[in-house]
Amino acid sequence: MHDFCFTIPYGMIVFCGGLIGFARKGSTTSLAGGVGTGLLLFLASYLTLSAFHKRKNSWVGLILETVCASALTWVMGQRYAETAKIMPAGLVAGISGLMTAFYLYKIATGGNHFPAKTE
């Protein structure tokens, strides 16, 4: 599976979560963190999708995805440890941890693999 297939919905979840956090509680931290991280994930998705069309890997995009996911895992994991609320901190920490593992796997296995072209 190619990383942008997961990163686009993951970025939308983070982006919308930041907007919802701001709308419900007026949290500018949720707005800045969620929307900012969501936009970075969209940028990384664009980079990896553009490289995929050229049958290449975008290491910048893959590293950006990994950094965003691991930062969210750490931040939301800390928040979950403080509040013990599964929604939204525990859920976001769990999803981000899963995405971090996926991105590290992609880096370890050499990125996206392309079948050989048949002439």
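Count residues from 1 along the sequence. Values below: all heavy atoms of this structure, side chains included; hydrogens, waters and symmetry mates excluded.
Ring planes of F15 and F42: tilted class, angle from 30 to 60°.
Atom-to-atom distance recorded for F4:CZ and F52:CZ is 4.5 Å, nearest 0.5 angstrom. Atom CD1 of I13 is separated from atom OG1 of T37 by 13.5 Å, given to the nearest 0.5 angstrom. Atom CG of residue L62 and atom OG of residue S58 lie 7.5 Å apart, to the nearest 0.5 angstrom. Atom-to-atom distance recorded for N57:CG and D3:CG is 8.0 Å, nearest 0.5 angstrom. Taken to the nearest 0.5 Å, the CG atom of L31 stands 12.0 Å off from the CD1 atom of I20. In this structure, NZ in K25 is found 9.0 Å from OG in S30, a value given to the nearest 0.5 Å.
Of all heavy-atom pairs between H2 and K106, the closest is CA-NZ, 4.3 Å. Counting all heavy atoms, side chain and backbone alike, S96 lies closest to A69 at CB-O, 3.6 Å. For the pair A89 and M76, the tightest heavy-atom approach, listed with the atom from each and the gap, is CA-CE, 3.5 Å. The minimum heavy-atom distance between L64 and A44, with the atom names listed, is CD2-CB, 3.9 Å. Contact between C68 and L40 at its shortest, heavy atoms only, is SG-CB, 3.7 Å.
V14 and V35 are members of different hydrophobic clusters when ILVMFWY side chains are connected at heavy-atom separations under 4.5 Å. Using a 4.5 Å cut-off between side-chain heavy atoms of Ile, Leu, Val, Met, Phe, Trp and Tyr, with links allowed through other members, V92 and F102 fall into the same hydrophobic cluster. L91 and L98 fall into different hydrophobic clusters, where Ile, Leu, Val, Met, Phe, Trp and Tyr are joined by side-chain heavy atoms under 4.5 Å apart, directly or via other members. V67 and L47 fall into different hydrophobic clusters, where Ile, Leu, Val, Met, Phe, Trp and Tyr are joined by side-chain heavy atoms under 4.5 Å apart, directly or via other members.
Contact of the L72 side chain with the Y10 side chain is registered, since non-hydrogen atoms from C-beta on lie closer than 4.5 Å. Taking the side chain as every heavy atom from C-beta outward, L39 and L43 never approach each other to under 4.5 Å.
One side chain, Y103 or T7, offers a donor N or O that lies under 3.5 Å from an acceptor on the other.
Residue-environment remark: CZ (R24) stays at or below the threshold of 12 foreign heavy atoms within 6.0 Å. Annotation: W59, atom CH2; neighbour count of heavy atoms from other residues, nucleotides and ligands within 6.0 Å is above 12.
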